[in-house]
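For reference, the structure discussed in these notes is given below.
Per chain, numbering begins at 1; letters A, B, ... match sequence-line order. Just so it is clear, the model here is predicted, and its values are computed rather than measured.
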Amino acid sequence: MKEVIQDIIIRNSDDYIINMGPQHPSTHGVLRLELSLQGEKVKYVVPHIGYIHRGIEKMCERDTYQQIIHLTDRFDYLSAHMNNEAVCLNVENALEVEVPERVKYIRTILDELNRLASHQLWWCAFGMDLGALTTFFYGLRDREVILDIFEESFGSRLLHSFNTPGGLMHDIHPNFQKRTKEFIKYFRKKLPEYDQLLSNNVIFQMRTKGIGYMSKEVAISYGVTGPSGRASGFSCDVRKNHPYSAYDKVDFKEILDTTGDTFTRYKLRIAEMWESMNIIEQLIDNIPEGDYTAKMKPIIKLPVGEYYQRVETSRGEMGVFIISDGNKFPVRVKFRTPNFANLFVLNKIGSGNKIADIVAISGSLDLVIPDIDR
Amino acid sequence: MDFNIYDFTSFTKWVDNALNSSMSPLLAIIIELIIIGLVFLLFYAIVGLLLVYAERKVCAVIQNRYGPNRVGPFGIFQTIADLIKLLMKELINIKHADNFLFNLAPFIVIIASFMAIAALPFAKGLQAIDFNIGIFYLFAVSSLGVIGILLAGWSSNSKYSLIGAIRSGAQVISYELSVGLSLLAIVVFAGTMQLSGIIESQADGWWIIKGHFPALVAFVIFLIASTAETNRGPFDLAEAESELTAGFHTEYSGIKFAFFFLAEYMNMFIVASIAATMFLGGWMPFHIAGWDGMNAIMDYVPPIVWFFGKTIFVILMMMWFKWTFPRLRIDQLLNLEWKYLLPLNLMNIVLVAFIVLMGWYIK
Amino acid sequence: MTNDQLKEKISEWVSGIEFPENKQYLEVLVPANSLKKLAELLHNTPETDFDYLISLSGVDYVSHLAVVYHLESTSHKHFLVMKVKTEDRENPNFDTVNEIWRTAEWYEREVFDMFGIKFNNHPDLRRLLMDDDWVGFPLRKDYKDEIKMIER
Amino acid sequence: MNSEYLVLFFLLGVVLVGGAIVFSMFVSPKSTNFAKSEPYECGIPVKSNAWIQFNVGYYLFAIIYLVFDVETVFIFPWGVVMRDMGMTAFIEILIFFFILVTGLLYAWKKGALKWV
Amino acid sequence: MNIFKYFGEIFGAIKSLWAGMRVTGYYFIHPGQIVTQKYPENRKTLKMTERFKGEVIMMHDENNQHACTGCGICELNCPNGSIEIITDKITNEAGKSIKIIDKHIYHLSMCTFCELCIKTCPSDAIGWGQEYEHAVFDRHKLTKVLNHPGSSLRKKPSKEPNQE
């Protein structure tokens, strides 16, 4: 019999409640955390979500599969490309379309670039949560280089609906490979700076080590995926377990750690940045020639059935569940977004710490609020 | 009149005599007070504005940005524009706030910094009040501002403010010990508490050089503790933007907020000039005993330049801290003080006393 | 375990199980009253060890309402789609699984919010994404809102 | 000597703050609405009062501080005369510090320095 | 408590703090590394990439002619309804009544830049514009008519060019 993990919140009417959010600098969006305080100590955390619920799942029911793509950008806007890819892969699998090799390679490279950009932004925001304001600008400075590469190829910096069922919208820009290689070279020099500035800093380590411990059992039971889950030893990397695109062709490590505190989650993301650069370097010179899209019908009708596709976004496992009745519109589209589960664990690992720790823990979970609210 | 920028004593005397000889003593004193008042008011405002500008520019360059560059050349009038904006902003009254204390708080923080400025020695003879317990007075007055912060947080009727205020209370009272004890090291070296006396004692070398190791330790501790006492840098727990939105001044708007802002920068200036005075020789030029040639060259630089140069150096250090480090947590902050700085400081004092006893410092 | 072994095991445990066709994964249709029993067995039996609830989604098939559980075992890496359905649109009612997989608590709240499916013994069954005073269950096919929804 | 200056500097602060606030009152716009005068609560309607009994942890530090600050006040005069008195002063301060440090260690051991 | 550990901790802390200060200090004394740009001043030199998605435009040639036949595929494909096409009927020289566009209305405020309209346009009549300064005081100004006033449909080059 497995141990049952419970953390039912028991509320008292005379609790000293302060609200962190919806309008608060450290919740990274419109999230509301209800903190019950005892002095500086937090007794429990109740997250309230839904402030930017847009009904995307309902909207998907009246959209064709091509049109769904641009909505998925807007969940986790920092890993827009991976979200796009989830839907595209699902549709391609359902139709049993074989996409060209070139597309697979490009998608993988873009995934990793996007992951790098996302982790950079997370790094700046995490530093800022802990009061190190300069990190914000260093992270954004390096992220800007990636966004420039994106802009050249996709025309937009953040929400690039670049994937389409069957392939890509365009071919990559002729400069893409050159600039990506330049970026990797540049960022390999800049990433150690992150460590000097923040990771090795004694104040930072004091703030994060041993804070917000999450065990492997908790991570699995709460469905915490992505770097946050892997920091607890939950081997949840979809890229490794269920390879898609060109991930089965590259040699990379799934970075795992078992310490499970805030500092581990931090270190793991930094390590993932190194690993992402490795993946890109393996692929960038070997992009095969070919078409940038498979032949697709202008109106896509999925065969009747239920399809589930998982991809690894920069925050964890993203799942797309499509139910089709054979029409051009899906019957139901459900998005399993990583942050939804990741936020729920906050009370479990956050209660009992101080206010400042809640900020650090929620920062280390790397929450993106639109991803939760959908 | 004998005016020279190396020694203001004769200048102030001349003003005093001129006034006294031309009018009744009472009127002379009143005129004198008005002149001093205006000069200091102007000085206060200019230093405040410049420091705000300097911090913006320094943090901008550290963060690979340009910083203010719109209002005037290099944006030097940015802070003036901000001041005007803050003056024009509405003063919002908060429901159920303790109005009297709420309005009193900015007065206290500003008055505390004004009282501290009164005792600062800017140059030879350029010091409003030269107490015989000058450093003790500064030490006392500069920590008065925390009362304003406590009142502000308490009276706002906001939970964030309250937490910020209480944190700041615990923080400032703790770090005051370290400030006092690290200054005590120099008092033991100099054997006087009068600021002019302490500066005179550094004529042949600053205490940080003469007092070598223990003075350096005291200087570092003073830097840390005074940064904490001014609620700055990695110790800005009372504001703690990412936790308490704006901490104790969450509810303050317009010009009332501006005073907290101004007071923070003035306090930084005050502690920096205390550090400059105590450890770096104040307005004393850089002298090494015996090297008469170099000492003579150093003497050409006016004392007021020396004073401000050293103060700016310390201020830059404090800005450097602020824009590099993450914020501490409240329990770590107090740990740092009670378990590290205070014991180290006590040891350091004993070491200083021993060195003075044996005469092992550079005379 | 292979899908066939799983099938065998599951039909041993609970009666009235159906295995609808699914191209990708093994799918199980459980009667609503034995949902909890099967969930517990799937989670606790070492051979199946479905300890990771990937996703829990409500579905409105017009004829009936359903809840779909996507389960994975982190140790055996097998995958299972578990489904329960009810034809009761007025007062749909299932057992909660939030004690088995903690992540289900919010997913169930979301399903309640969007489909009006109630979960027995759920500790905190409130609306999650919509306002507390919202009328209707937006993801149901028969939900109509003339003002906020634009038909095409 | 010029201790009347202290009053002056006190007044300067009053004049600066008071003057600016009065000036600001004249030039600033005035408008009221219900939500504006509410204390800040991150956009949520305020429920309870902010003035509560707060955790005792903060006050323990205040008490320890009080002890040490009074000591510091006593040490300062010692610092001034240390040079002249020589060995006597040194021995005395050693004894004094010994008592002080014992107090600190006691508080440390008792967990008064630990945040609760 | 081990006294060596105590002092070792202090020195380790100072060392790590100094490492961080070196990074920020380096940038402080190297103002040449500033990456931000002075935006309105550099407007002249600011070049957008050729694929930049600024807004949807309709390409007109020098004769004020465009390629839009008013088929409405873009309108159909737009997920947000940001495109509306108002067609008109005219009689051409041959006396046949044909459909032309009267107004190709584009709501920039609703556009999500998904590129579906441009991808699916059968006659390549619309494309991306490079304009990026879209701020206006009134959101109605974001509703644009893409076909220029007085423009007409470009004659398709006939499939078999006349042999002279």
Side-chain angles (χ1 to χ4, degrees), chain A residues 1-2 4-9 46-53 55 57-59 61-63 93-94 96 216-225 234-236 241-242 303 305-310 317 319-321 323 325 331-337 340-341 343-345 348 372-374, chain C residues 20-25 27 40 43-46 49 51-62 66 68 70 72 74-75 77 79 81 83 98-107 109-111 113-114 123-124 127-132 134 138-141 143 145 148-152:
Chain A
M1 196 67 188
K2 280 215 175 122
V4 177
I5 296 153
Q6 283 290 5
D7 66 320
I8 307 295
I9 294 160
V46 185
H48 293 258
I49 60 172
Y51 285 92
I52 36 175
H53 174 63
E57 284 172 11
K58 186 79 180 171
M59 278 156 84
E61 291 175 11
R62 45 130 241 223
D63 279 356
N93 287 349
E96 286 162 10
K216 187 181 175 186
E217 282 69 39
V218 168
I220 294 173
S221 180
Y222 281 76
V224 179
T225 50
F234 175 20
S235 160
C236 54
N241 296 341
H242 307 274
E306 300 181 4
Y307 307 97
Y308 191 81
Q309 173 67 42
R310 316 155 72 179
E317 180 180 331
V320 180
F321 179 45
I323 301 179
D325 59 353
V331 171
R332 165 98 169 100
V333 183
K334 155 87 186 177
F335 295 101
R336 187 262 186 227
T337 48
F340 189 80
L343 173 63
F344 182 53
V345 82
K348 177 78 187 166
I372 299 163
D373 288 351
R374 298 191 295 274
Chain C
E21 200 179 324
N22 190 322
K23 273 184 214 155
Q24 278 178 309
Y25 303 111
E27 190 173 323
E40 265 167 6
H43 181 260
N44 295 336
T45 316
D49 193 25
D51 49 358
Y52 173 29
L53 174 68
I54 299 172
S55 134
L56 190 160
S57 13
V59 184
D60 183 3
Y61 287 101
V62 184
V68 183
H70 289 90
E72 196 189 30
T74 52
S75 48
K77 307 280 177 205
F79 197 98
V81 182
K83 205 188 258 181
N98 85 75
E99 298 119 26
I100 305 165
W101 300 287
R102 283 295 292 139
T103 181
E105 182 175 331
W106 267 22
Y107 282 117
R109 271 180 74 182
E110 192 199 349
V111 171
D113 191 357
M114 294 297 169
D124 188 19
R127 283 191 180 270
L128 182 66
L129 294 167
M130 313 301 284
D131 292 345
D132 284 340
W134 191 272
L139 273 180
R140 284 196 184 184
K141 292 285 179 195
Y143 178 79
D145 189 336
K148 298 191 182 78
M149 274 166 64
I150 299 159
E151 289 293 325
R152 281 207 296 189

Give me the atom names and distance for the closest heavy-atom approach of Pro47(A) to Trp106(C).
CB-CH2, 3.7 Å
For Phe321(A) and His70(C), take the angle between the two ring planes, folded into 0 to 90°, and tell me which bin it lands in: parallel under 30, tilted 30 to 60, perpendicular over 60.
perpendicular
Identify the two heavy atoms, one from Val111(C) and one from Gly58(C), that lie closest to each other, and give their separation to 0.1 Å.
CG2-N, 3.6 Å
Relative to chain C, which segment of Asn241(A) carries a heavy atom at a distance below 4.5 Å: side chain, backbone, both, or neither?
side chain
Best-contacting candidate, Val59(C), Leu56(C), Val62(C), against chain A by heavy atom pairs under 4.5 angstrom:
Val59(C)
Please classify the contact between Asp60(C) and chain A as side chain, backbone, both or neither, with a heavy-atom cut-off of under 4.5 Å.
backbone
Given a strict heavy-atom distance threshold of 4.5 Å, which part of Val68(C) is in contact with chain A: side chain, backbone, both, or neither?
side chain
Below 4.5 Å from any heavy atom of chain A, which atoms of Arg109(C) appear? Answer side chain, backbone, both or neither.
neither
Sort Glu317(A) into side chain, backbone, both or neither according to what part of it lies under 4.5 angstrom from a heavy atom of chain C.
side chain
Just wondering, do Ile49(A) and Leu129(C) contact through their side chains at under 4.5 Å, heavy atoms?
yes
Using every non-hydrogen atom in the two residues, find where Glu61(A) and Leu139(C) come nearest and quote the distance to one decimal.
OE2-CD2, 3.7 Å
Given heavy-atom pairs under 4.5 angstrom as the criterion, report whether the side chain, backbone, both or neither of Thr74(C) touches chain A.
side chain
Which atom of Tyr51(A) lies closest to which atom of Asp373(A), heavy atoms considered
N-OD2, 3.3 Å
Cut-off 4.5 Å, heavy atoms of chain C, and the answer for Tyr308(A) is both
Can you tell which part of Ile323(A) gets under 4.5 Å to a heavy atom of chain C, answering side chain, backbone, both or neither?
side chain
Note: vs chain A, highest number of non-hydrogen pairs under 4.5 angstrom among Arg127(C), Glu72(C), Met130(C) is Glu72(C)
Heavy-atom distance under 4.5 Å to chain A: side chain of Tyr25(C), backbone, both or neither?
side chain
If I compare all heavy atoms of Val224(A) with all of Ala341(A), which pair ends up nearest, and what's the gap?
CG2-O, 4.3 Å
Shortest non-hydrogen separation from Pro138(C) to Trp134(C) and the atoms involved:
CG-NE1, 3.9 Å
